[in-house]
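For reference, the structure is listed below as structure tokens.
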Amino acid sequence: MPLVLPAAPNVVRAKFDRVFAEAGLAPHIAAEVDVMAGSLSAVSAGIGGAILPKGDFSDLPGYGNLLTTLIVPPIQLTASVLWLRKARSRPRRPPCATC
């Protein structure tokens with residue numbers, strides 16, 4: 001099956017590449033996209049299938065005709081929340097030595 005995958009470099013793409021390699025498979029990559037909306041559009045246009053972190057797209061307007069099949073065993077990916085740490089009461093350094 002032709003696939004629409006995230007464009008490398010990408011954490012999700014790196015995980016998919018490892019999963020395919022561990023299974024001894026070489027994916028047929030029909031297109032690479034930067035955002036999930038691009039994957040949905042490519043699948044809707046018939047370019048290929050996509051591996052996405054959602055099991056039901058019927059709640060998205062315009063995508064209710066897409067079929068989904070859960071991957072077994074599931075592909076696990078660690079996720080974390082990233083935010084800006086506030087400086088304590090230290091003065092900020094200038095961005096460069098000449099500033």
Side-chain angles (χ1 to χ4, degrees):
M1 166 191 288
L3 291 173
V4 177
L5 296 178
N10 177 289
V11 173
V12 174
R13 172 61 181 273
K15 177 66 175 188
F16 291 163
D17 289 345
R18 282 191 304 274
V19 169
F20 283 122
E22 289 169 3
L25 300 172
H28 172 191
I29 301 169
E32 295 180 320
V33 296
D34 291 323
V35 294
M36 188 165 81
S39 293
L40 293 170
S41 294
V43 172
S44 292
I47 294 172
I51 301 171
L52 298 172
K54 185 170 169 64
D56 179 14
F57 291 89
S58 63
D59 61 330
L60 298 178
Y63 298 110
N65 63 335
L66 300 180
L67 301 175
T68 59
T69 300
L70 294 178
I71 297 172
V72 179
I75 297 172
Q76 301 293 326
L77 183 66
T78 301
S80 59
V81 176
L82 180 67
W83 69 95
L84 179 63
R85 180 187 311 200
K86 294 186 179 192
R88 295 187 186 176
S89 56
R90 298 183 302 184
R92 292 187 157 209
R93 295 182 190 179
C96 65
T98 60
C99 298

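In the hydrophobic clustering, where aliphatic and aromatic side chains (Ile, Leu, Val, Met, Phe, Trp, Tyr) are joined below 4.5 Å either directly or transitively, Val81 groups with Trp83. In this structure, Ile29 shares a hydrophobic cluster with Met1, Leu3, Leu5, Val11, Val12, Phe16, Val19, Phe20, Leu25, Ile51, Ile71, Ile75, Leu77, the cluster being traced through Ile, Leu, Val, Met, Phe, Trp and Tyr side chains under 4.5 angstrom apart. Other residues sharing the hydrophobic cluster of Val33, ordered by chain and number and joined by side-chain separations under 4.5 Å: Val4, Ile47.
Pairs engaging residues 20-40 under the side chain to side chain donor-acceptor pair (under 3.5 Å) rule: Arg13-Glu32 [sequence neighbours left out]. Here side chain to side chain donor-acceptor pair (under 3.5 Å) pairs that include residues 71-81, with residues two or more places apart or in two chains, number zero.
Nearest approach of Leu66 to Ser44, heavy atoms of both residues: CD2-OG, 3.9 Å. The minimum heavy-atom distance linking Ser41 with Tyr63 is given by the pair OG-OH, 3.7 Å.
The side chain to side chain donor-acceptor pair (under 3.5 Å) check on Asn65 picks up nothing, with sequence neighbours excluded.
One distance of note links CG of Leu52 with CG of Leu40; it measures 6.0 Å at 0.5 Å rounding.
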